[in-house]
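Presented below is the structure to which this report refers.
As the structure is a prediction and not an experimental result, all values here were calculated from the model. Position 1 is the first residue of the sequence, and the numbers go up from there.
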Amino acid sequence: MSIIIMDPLGLAPKIQEALESVYDPELKPANIVDLGLVYEIITKDAGIAKVVMTLTAPGCPVAGEIMDEVQRKVAAIDGVNESLVELTFDPPWNRDMMSEEAKLELGFL
């Protein structure tokens, strides 16, 4: 599954790079991008960056920590004045959304 990118500010590559350093502690060593948890990266005028993401399960015990880390890391990027994180469960996450690399790292291949 590929990330939907709407990026008039040209910050999506830096945002994606930052997101690749965020991990779900239950699924290390795969990052949230390789796990397929990031659905959209959106930037808007005035330096607004929004990440639409999901979690592996609605009751994920580290949901708040992961979302806070995403918000902080995106906010730290030059050109970002406001960092927003939106959580969605539509579509629900499943293993098919993972990259081949993540499946290999986690022993699903």
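Distance alone, capped at 3.5 Å, places no donor-acceptor pair between the D7 side chain and the T43 backbone. Remark: side-chain polar atoms of Y39 are paired, donor with acceptor, to backbone N or O of P91 under 3.5 angstrom. Looking at T54, its side chain does come within 3.5 Å of a backbone N or O of T88 through a donor-acceptor pair. Checking side-chain atoms of W93 against main-chain N and O of M98 turns up no donor-acceptor pair under 3.5 Å.
Note that K103 lies outside the cation-pi zone of F108, set by a 6.0 Å cut-off to the ring centre and a 45° limit from the axis.
Once rounded to the nearest 0.5 Å, the distance linking CD1 of I42 with CD1 of I3 reads 11.5 Å. In this structure, the separation between CZ on R72 and CD1 on I77 is 13.5 Å, given to the nearest 0.5 Å. If you take CD on E105 and CD on E100, they are separated by 12.0 Å, rounding to the nearest 0.5 Å.
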Does the salt bridge (Lys or Arg N to Asp or Glu O under 4.0 Å) test come out yes or no for K50 and E40, once each step is laid out?
-> CA-CA 8 Å; K50 179 177 172 183; E40 297 179 28; over 6 Å; no

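More than 12 heavy atoms of other shown residues, nucleotides or ligands fall within 6.0 angstrom of atom CG in N81.
Hydrophobic clustering places I5 together with V22 (ILVMFWY residues linked when any side-chain heavy atoms are closer than 4.5 Å, directly or through intermediates).
The minimum heavy-atom distance between V85 and M67, with the atom names listed, is CG2-O, 3.9 Å.
Applying side-chain contact (heavy atoms from CB on, under 4.5 Å) to T56 and the options L27, I32, N94 leaves one that passes, L27.
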